[in-house]
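Comments concern the structure below.
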Protein chains: 2
Amino acid sequence: MTRTSKAETKGRKLSNFLCFAVYSANLAFGRAYKPILDAVGLTYTQYIAMVALSEEDEQTVSALGEKLFLESNTLTPILKKLEQSGYLSRTRDPADERQVRVSLTPAGRRLLDKDINVSLVEATGLGDEFPVVQKTVARLRDNLLRNTRADPKKG
Amino acid sequence: MTRTSKAETKGRKLSNFLCFAVYSANLAFGRAYKPILDAVGLTYTQYIAMVALSEEDEQTVSALGEKLFLESNTLTPILKKLEQSGYLSRTRDPADERQVRVSLTPAGRRLLDKDINVSLVEATGLGDEFPVVQKTVARLRDNLLRNTRADPKKG
DNA sequence: CACGATTAGATCGGATACGATCTATATTCA
DNA sequence: TGAATATAGATCGTATCCGATCTAATCGTG
């Protein structure tokens, strides 16, 4: 008696999908940031990459990729674009020519000093919940990555 | 005395960005779904679109877009692809030739009946928190969209 | 030292997102 | 009625993401 063909009775509605909540929240963030980032001529991903770079100089592409959960296939074009814009430098590491060291230029740091993001915290409408939501979503991400990556070779 | 140039003292670290938590959680979901969706030959977005279609037949592209927070520029190519795969039908509405009505085919419904998503709930590692996180992220998205869209013409 | 294996980036093709623009159909109202 | 306007999709260009593959540099071992 539990078998039906109606979507609702099986609970298969978009609102029931956590993945959709995250997917659409990400789209919403992109749109919220857009007018602000357009003003400084950066895209969402470019901005995130620069924030990651502001944490440390001379990072390799891989190290940066670990922070951003991206790989060279995605990062290389973005970094080249930011280099052309004069916001960062890319140089082969003399000690290991395979590696590329990436650092923000003074122009890049000046751009970040505008504290672009501050005005966005308000738009989340989360108030005091903000840090809790942030930690929860980060935990969700880490669980997903842990439970997915390195598929069960040992079980 | 509050002005410094160190990233850390200004709290400008990736882990402090809610937008990054959401961005990376979305990437993580995409990767978690990938092996499961690869098996049935769908992409993440195609799957989401089909779930939205399973809620109601004969939806217009715009109506579908409202649910998915996407517009025809993104949806049209995806719907055409799913049509070619035989999972849905697209027909101009005879009453208004501007509109395109989209419905799942029996093959499309059979695909969804496999309840692909069930196995993913577990991978979130959220346990009882699952529904709460889902609602919180959805609220975040709605706040962002409300506070961003239709920029302040009225003040 | 030499040669196979490994590693770090880069390149390429397919699939989203999205702004801007285009086309076809409907609607409005003088 | 018919020209101006509005609306629904579709198309195009740019920027991500990602799997697969390629190249160059390094390492490991005999």
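Proteins get letters first, then strands, A, B, ... in listed order; numbering begins at 1 in each. Heavy-atom basis, side chains included; hydrogens, waters and symmetry copies ignored.
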Rounding to an integer number of Å, can you tell me how far A/Q46 CD sits from D/dA15 P? 8 Å

Any A/Q46 side-chain heavy atom under 4.5 Å of A/T43 side chain: yes

The answer to which of A/G30 and A/Q59 contacts DNA chain C further toward the 5' end, by nearest nucleotide, is A/Q59

Would you mind reading off the distance between A/L64 atom CG and C/dG9 atom P, rounded to a whole angstrom? 10 Å

Got a sec? Which of residues 94-103 of chain B come in under 4.0 Å of DNA chain C, heavy atoms? B/D96, B/E97, B/R98

Between A/E58 and A/S103: side-chain donor-acceptor atoms closer than 3.5 Å: yes

A/E71 atom CD: more than 12 heavy-atom contacts under 6.0 Å: no

Does either side chain, that of B/S24 or that of A/R141, offer a donor lying less than 3.5 Å from an acceptor on the other one? yes

For C/dA17, take OP1 and OP2 only and decide whether either is under 4.0 Å from a side-chain N or O of B/T45. yes

Can you label the angle between the A/F20 ring and the B/F69 ring as parallel, tilted or perpendicular, going by 30° and 60°? parallel

Tell me whether B/N147 contacts the main-chain N or O of B/N143 through its side chain, where contact means a donor paired with an acceptor under 3.5 Å. yes

B/Q59 and its side chain to side chain contact (heavy atoms under 4.5 Å, CB included) partner, picked from B/Q99, B/R101, B/K67: B/K67

Name the residue closer to the 5' end of DNA chain C, choosing between A/L27 and A/V61 according to the nucleotide with the nearest heavy atom. A/V61

Rounded to whole Å, CZ of A/F69 lies from P of D/dC17 at a distance of 14 Å

Using whole Å, what does the distance between atom P of nucleotide D/dA24 and atom CG of A/D93 come to? 19 Å

Any side-chain N or O of B/R90 below 4.0 angstrom from OP1/OP2 of D/dA8? no

A/L68 CG to D/dC18 C1', straight-line distance once rounded to whole Å: 15 Å

pair B/L140-B/L18: side-chain heavy atoms closer than 4.5 Å: yes

Closest to the A/K34 side chain: D/dC18, D/dT16, C/dG19? C/dG19

Counting only side-chain N and O atoms of B/Y23, is one of them less than 4.0 Å from OP1 or OP2 of D/dC17? yes

Measure CZ/A/R92 against P/D/dT26 and give the value in whole Å, please. 10 Å

Separation of D/dC18 atom C1' from B/L37 atom CG, nearest Å, is 14 Å

Measuring only between side-chain heavy atoms, which start at C-beta, is A/L42 closer than 4.5 Å to A/Y87? yes

Same cluster or not: are B/V132 and A/V22 linked, directly or through other Ile, Leu, Val, Met, Phe, Trp or Tyr residues, by side-chain heavy atoms under 4.5 angstrom apart? no

Between C/dG13 (C1') and B/K81 (NZ): distance, integer Å: 12 Å

Which residues within residues 70-78 of chain A lie with some heavy atom under 4.0 Å of an atom in DNA chain C? A/S72, A/N73, A/T76

Please state whether the phosphate of D/dT11, meaning OP1 or OP2, lies under 4.0 angstrom from any side-chain nitrogen or oxygen of B/K80. yes

